[in-house]
Each structure stands twice: as C-alpha cells, then as structure tokens.
Amino acid sequence: MSLPWVVGYGVATALSFPHAWGEDALDLGWALAWVGPACLAVAISGCSAGRAAALAFAGGWLAHSLVFHWIYIAAVRYGGAHPAIGVVAAVGLALYPAVFVALFGWGWSRLDWTRWWAPLGGAALWTALDHARSFVLTGFPWALLGYAQHENPALVALAPWTGVYGLSFVTAAVGLAAGCALLVWRGAGASPRPLLRVAIAGVVGSHLLGGAATLLHRDAAG
C-alpha cells in the first residue's frame, strides 16, 4: 500500500518544479508542493525506522531523478554525450538529496504522527535537512522544497525574513498535517480536525503574513 504513495510523492515533487512544455514551462509548484509531503506522510507513517527511511529514500531518489532531467538535456542534447551518460548523471546525482529524504523518513518514524504538533516537528526536521543539504559535502541545494513556491507571491514575500527555509517549513507543515489527517480519518476513525486545523492555519496564516509583508514593503518603498 505504501508504494503508490511513494510514487505519488516522487511525481508530485518532480512536478512542483518547472519542466519544459512545448515552448512554455509547466510550473505547478504553487499547487503541488503541498502534495509531496502529504504523500510521503501517508507512505511512511507507522513504519519502522528502517522501512520509513528506505521508502523515503526511494521516493526522494525518484523525485530528484525526475527533477534533474535538465542534466540529461544538457549532457545529451547540448553536450553530445551518449544518452546512457545523461541518465546515469541525473540518476546518480539524485542519490545525494535522496539521502536527506531518507533521514527525514527515519526521523519522522520517531514522531507520534497522530498528535496535532507532529507536522510542526516534522516540518522543523524537514527544514533543518534542507539547510544541511546546502552545505554538507560542499552542498547541493537544488530543488529545496521552498523553491517550489517561487510562483506563490504571498509566500515569496516571506523570503526576505525567513529565506527559502521558511517556505520549506510552511509547505512541509501543511502537507504533513494534511497527510496525517487523511491517515487518522482512514485508520482510527478518529477526528482529523486538530491536524486539519494545523494545515488550514498554515495555509491561511502564511499567506496573510506574506500579504502583510508585501504591503509593508510597498509602504516603505513609497
């Protein structure tokens, strides 16, 4: 049952970043960035630490192999490399961020995801790992979750105060809360309202703060 949700995480995360679409770009991060963490929460919640890490690693590897499709294009179409080299380059580089997704899976398995505060703790872990990915082994911060919100002006307005990591935190918290609410509703039959409140408060609160920041910036500039 976990595998479809792992694939859902990988595909939703990949589609959260721009992809060529004819002469235009397919850029759905403002909508799908929230979906990836929700799918991952459903896939790994309740698993042992080892299984959660393995499933998260697989999802992270799939997601970033798809996100890094540009490496294939650069190597093969413009660099004249053999297609196999382009595939190996993209898939091989995706191993690095997949390790951090696996670490998240391991840490998430230690939390009681039925608690209302679990998405906040999970988002803090996600954000810390996003930050670590920016410098560990020289770092490779491509496709951090917060960057997927670059077409969301309300959240982008928070970036001067929080950096991309604040956007990662909000997106992860909302997605994890939604995923946990679905699990609670489907599994225990308990009320998912506390978790849904976290998700709704995250969406509404972050956008209100972003809107206020935009107004303040305009007043200061004026």
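Small disclaimer: the values here were computed from a predicted structure and weren't measured.
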Quick check on Phe135: does its CZ atom have over 12 non-hydrogen neighbours (other residues, nucleotides or ligands) under 6.0 Å away?
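Counting neighbours around CZ of Phe135, more than 12 heavy atoms of other residues, nucleotides or ligands fall under 6.0 Å, so yes.
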
Please tell me if the side chains of [X] and [Y] come closer than 4.5 Å, counting only heavy atoms from C-beta onward.
X: Trp34; Y: Ser16; value: no
X: Leu40; Y: Trp126; value: yes
X: Arg193; Y: Trp116; value: no
X: Trp70; Y: Phe17; value: no
X: Val101; Y: His64; value: yes

How far does [atom1] of [X] sit from [atom2] of [Y], to the nearest 0.5 angstrom?
X: Ile44; Y: Leu55; atom1: CD1; atom2: CG; answer: 7.5 Å
X: Trp113; Y: Leu183; atom1: CH2; atom2: CG; answer: 4.5 Å
X: Ser206; Y: Leu155; atom1: OG; atom2: CG; answer: 4.5 Å
X: Ser45; Y: Leu176; atom1: OG; atom2: CG; answer: 8.0 Å
X: Tyr9; Y: Leu62; atom1: OH; atom2: CG; answer: 9.5 Å
X: Phe104; Y: Asp130; atom1: CZ; atom2: CG; answer: 10.5 Å

Between [X] and [Y], which heavy-atom pair has the shortest distance, and what is it?
X: Ser109; Y: Ala52; result: CB-CB, 3.9 Å
X: Leu145; Y: Ala33; result: CD1-O, 3.8 Å
X: Ala98; Y: Gly60; result: CB-C, 3.8 Å
X: Ser2; Y: Ala43; result: OG-O, 3.1 Å
X: Pro18; Y: His69; result: O-CE1, 4.0 Å
X: Gly121; Y: Leu111; result: C-CD1, 4.1 Å

[X] side-chain N/O to [Y] backbone N/O, donor-acceptor pair under 3.5 Å:
X: Ser134; Y: His131; result: yes
X: Arg77; Y: Tyr72; result: no
X: His19; Y: Ala14; result: yes

Before you tell me yes or no, could you show the steps for Phe140 and Leu93 under side chain to side chain contact (heavy atoms under 4.5 Å, CB included), namely the whole-Å CA-CA distance, both residues' side-chain angles and the distance that decides it to 0.1 Å?
CA-CA 10 Å; Phe140 190 69; Leu93 190 57; 3.5 Å; yes

Following the transitive rule for hydrophobic clusters with a side-chain heavy-atom cut-off under 4.5 Å over Ile, Leu, Val, Met, Phe, Trp and Tyr, establish whether [X] and [Y] coincide in one cluster.
X: Trp30; Y: Val203; value: no
X: Val204; Y: Val156; value: no
X: Ile200; Y: Leu209; value: no
X: Val136; Y: Leu125; value: yes
X: Leu120; Y: Tyr165; value: yes

Is there a ring pair (Phe, Tyr, Trp, His ring centres under 6.0 Å) between Tyr96 and Phe68? Walk through the geometry before answering.
CA-CA 12 Å; Tyr96 178 78; Phe68 296 160; 9.6 Å; no

Can you check whether Phe57 and Trp61 have ring centres sitting under 6.0 Å from each other?
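When the ring centroids of Phe57 and Trp61 are compared, they turn out to be within the sub-6.0 Å range.
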
